[in-house]
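Shown next, in structure tokens, is the structure this report addresses.
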2 protein chains.
Amino acid sequence: MEDVVTTLRRFNRSYTQRIGVLDDSFLGSGRPLGPSRLLFEIGPDGAGVLDLRARLGLDSGYLSRLLRQLEAEGVVTVTSDPDDARRRVGTLTDHGLGEWSALDRKSDELAERLVAPLSERQRQQLGEALATADRLLRAATMSFDAVDPESADAIWALEQYFAELDRRFPTGFDPGNALRGDAPSYRSPNGVFVVVHSDGEPAACGGVQRIDETTCEIKRMWVRAEWRGVGLGRRLLDHLEQRCRELGGARVVLDTNSVLTEAISMYERAGFRSTECYNDNPYALRWFEKQLS
Amino acid sequence: MEDVVTTLRRFNRSYTQRIGVLDDSFLGSGRPLGPSRLLFEIGPDGAGVLDLRARLGLDSGYLSRLLRQLEAEGVVTVTSDPDDARRRVGTLTDHGLGEWSALDRKSDELAERLVAPLSERQRQQLGEALATADRLLRAATMSFDAVDPESADAIWALEQYFAELDRRFPTGFDPGNALRGDAPSYRSPNGVFVVVHSDGEPAACGGVQRIDETTCEIKRMWVRAEWRGVGLGRRLLDHLEQRCRELGGARVVLDTNSVLTEAISMYERAGFRSTECYNDNPYALRWFEKQLS
DNA sequence: CCTAATCTCTGACTAAAGTCAGAGAAGCAT
DNA sequence: ATGCTTCTCTGACTTTAGTCAGAGATTAGG
């Protein structure tokens, strides 16, 4: 069995040679790759310039110029962001929307032409293989970001987590004022709140707080449903353990509820051992600890 | 189940965003992408300039300049091709070989880093998915080329075919002078010989010759062992049928031997029906025909 | 209010990635 | 030998894809 690095490199070489045709949809449009990519990325919903910079990896000066160009061509409108006048928002004109659709259609056609020689069964196999590869490569390229516990992403993730607990606990779950009240616990110097991002979208979260001289507690671990099954929970757990070490913790504890069976399984596999009740959390039925080396 | 075009386009977008890191192996080498790609493509075995042009899609003028640049840097040597003094061959100097190795190693490291967050099982899954996708995309992008039956690729493919028949026939197979003697039959205006290429390498072959006013015969159909299982035989058969139509045939015939069971299966699935013996081929035991619409 | 940070824009510029025309040499067929 | 095709190379040039500096406006925090 060949190793994945070799396979990946071979695939990459072969794929980029072939898939250039998908990236050629701008040809014939009278517009080079850069402005075409930008037009496509603005899309029917429009996009903030700061976001476009991040997504396309472009310098603000260059992006500004490209936008001016597209404006001059009558395909894009640039306005100030109502929430922050320093920022700009790009939207497509009607003409721009027509050009966007033409690009989209052409890309569809090019992709269709690429797979046309394959039988129906092969197309299905290809689709499945690509979906698997996509999922795993996305899973491999997530970023683990320490964020403020009251930031938009943190709030959103916690709301999802609490809603799930409410659904799964027999008597429901009432977070009370945990969202805002507990926030300081997860800020420096005695805590941290981590959101895992995939393409800028929150995929998981978890918090660590120091509870005494040698002990840290992991709380609020949650993985978005669509990202379960790719080992993200385990990686987040490992990451949070490392955060505990960085906070000076020699031991890490956590509590959980018996209905969260897959989480308990994961903790045990990660070396957590049952321990005595260490807090008065009304929803906790199991308590775990682990010595950090 | 989502369709493969949508999946492919999504994969493409996500993949090209991430895989840019693999293409960054030239960074820090003091050399931009173009010359780095060329150096890599010349490789430890060297390469002909005409071949490099095809592979990299570059203008001869620009390629000449890049080679001059690499020569000046002492990493490449350019000499005339001994077989044709108009052509050039590029080879790596010892210094160039060192730089090639460094590039190769760095690409390995970047790929390794990309998949590092995945578990062993996930890496295996990713490898399998990529291998499947690679294989199918390669299968989808083969070229069906009419070639001279005495060209190098045609000769090579036929030699492989004959060797396989020799192995599979109980009493062996002796082609006699078929290689050269039959060649005129597969040339315009009454015949054609097709080699299927994948990345410039022969993957399959087959010939069509007109045998009377309304009938063409398909012969010499062969698929390379490593390309079996992706429907290439069937596509070649369809292609050769089309070639028959282009030669004015309303009916197509072929002969085969009973031990070639998978071929017989394919013909039957493709609408060929058993017919009476139409020739004196000592190795043929089954004869098929099909009306072309 | 003040200060620092953030975002966009414009001036000025560079490097990279090429294209096209045409010349010279080599190869092939008649 | 002649004429045509093929390949590379050089001159001359253009477009694309940017980078960096710094100014002006806005926002946030103390």
Side-chain angles (χ1 to χ4, degrees), chain A residues 16 20 23-24 26-42 46-73 76-91 148 150-152 187, chain B residues 16 20 23-42 46-73 76-91 148 150-151 187:
Chain A
T16 53
D23 296 330
D24 289 348
F26 68 94
L27 293 177
S29 71
R31 204 171 272 128
L33 179 62
S36 293
R37 277 175 76 210
L38 179 55
L39 188 155
F40 194 78
E41 204 65 30
I42 290 170
V49 170
L50 191 59
D51 190 35
L52 288 167
R53 273 172 55 194
R55 285 197 243 159
L56 297 174
L58 298 179
D59 172 70
S60 110
Y62 185 47
L63 182 51
S64 187
R65 269 181 240 288
L66 289 180
L67 285 167
R68 291 286 87 72
Q69 186 181 328
L70 292 179
E71 263 189 318
E73 293 169 20
V76 166
T77 303
V78 181
T79 54
S80 290
D81 183 339
D83 296 332
D84 185 336
R86 292 173 296 185
R87 300 182 179 189
R88 301 289 178 273
V89 174
T91 52
D148 189 78
E150 293 188 280
S151 66
R187 286 198 185 106
Chain B
T16 52
D23 297 330
D24 288 348
S25 50
F26 68 94
L27 293 177
S29 71
R31 201 172 275 127
L33 179 62
S36 292
R37 276 176 76 210
L38 180 54
L39 188 153
F40 194 78
E41 205 65 30
I42 290 171
V49 168
L50 193 59
D51 190 34
L52 288 167
R53 271 171 57 195
R55 285 196 242 159
L56 296 174
L58 299 179
D59 173 69
S60 110
Y62 185 47
L63 183 51
S64 187
R65 269 181 239 289
L66 289 179
L67 286 166
R68 291 285 87 74
Q69 184 179 330
L70 292 179
E71 263 189 318
E73 291 167 22
V76 166
T77 303
V78 181
T79 54
S80 291
D81 183 337
D83 296 332
D84 184 339
R86 292 172 298 185
R87 299 180 181 189
R88 300 292 178 270
V89 174
T91 53
D148 188 78
E150 293 187 280
S151 67
R187 286 199 184 106

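Letters go in sequence order (proteins before strands), and every chain restarts at 1.
For R65(B), whose side chain is taken as the heavy atoms from C-beta onward, the closest listed nucleotide among dC20(C), dT8(C), dC7(D) is dC20(C).
Regarding R53(B), its CZ atom lies at a distance of 13 Å from the C1' atom of dT19(C), rounded to whole Å. Following rounding to the nearest Å, L58(A) (CG) and dC20(D) (P) show an atom-to-atom distance of 14 Å. Distance, L56(A) CG to dT19(D) P: 13 Å, rounded to whole Å. In this structure, D51(B) atom CG and dT8(D) atom P are separated by 11 Å, rounded to whole Å.
Using a 4.5 Å heavy-atom cutoff, the side chains of L58(B) and L52(B) are not in contact. Annotation: side chain of I42(A) is in contact with side chain of L38(A) (closest heavy-atom distance under 4.5 Å). A heavy-atom distance below 4.5 Å is not found between the side chains of Q69(A) and V76(A).
The CG atom of L67(B) sits 11.5 Å away from atom CZ of R65(B), with the distance rounded to the nearest 0.5 Å. Atom CG of L33(B) is separated from atom CZ of R37(B) by 6.0 Å, given to the nearest 0.5 angstrom. Between E41(A) atom CD and L56(A) atom CG the span is 5.0 Å, to the nearest 0.5 Å.
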How does protein contact run along nucleotides 21-30 of chain D, one letter per nucleotide 5' to 3', with B for base contact, S for sugar-phosphate only, - for none, heavy atoms under 4.0 Å?
-----BS---
What do the steps show when you test R187(B) against D148(B) for side chain to side chain contact (heavy atoms under 4.5 Å, CB included), and what is the final call?
CA-CA 7 Å; R187(B) 286 199 184 106; D148(B) 188 78; 2.6 Å; yes
Test side chain to side chain contact (heavy atoms under 4.5 Å, CB included) applied to T79(B) and T91(B), step by step
CA-CA 8 Å; T79(B) 54; T91(B) 53; 5.6 Å; no
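Across all strands shown, R68(B) has heavy atoms under 4.0 Å from sugar-phosphate atoms exclusively, and none from any base. Note on L50(A): only backbone sugar-phosphate atoms sit closer than 4.0 angstrom, heavy atoms only; bases stay farther off.
Checking the phosphate oxygens (OP1, OP2) of dC9(D), a side-chain nitrogen or oxygen of R88(B) falls inside 4.0 Å.
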Output one line per pair: protein atom, nucleotide atom from nucleotides 14-17 of chain D, and distance, for all N/O pairs under 3.5 Å.
residue: dA17(D); atom: OP1; partner: G34(A); partner atom: N; Å: 3.4

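Atom CZ of R88(A) has more than 12 neighbouring heavy atoms from other residues, nucleotides or ligands inside a 6.0 Å radius.
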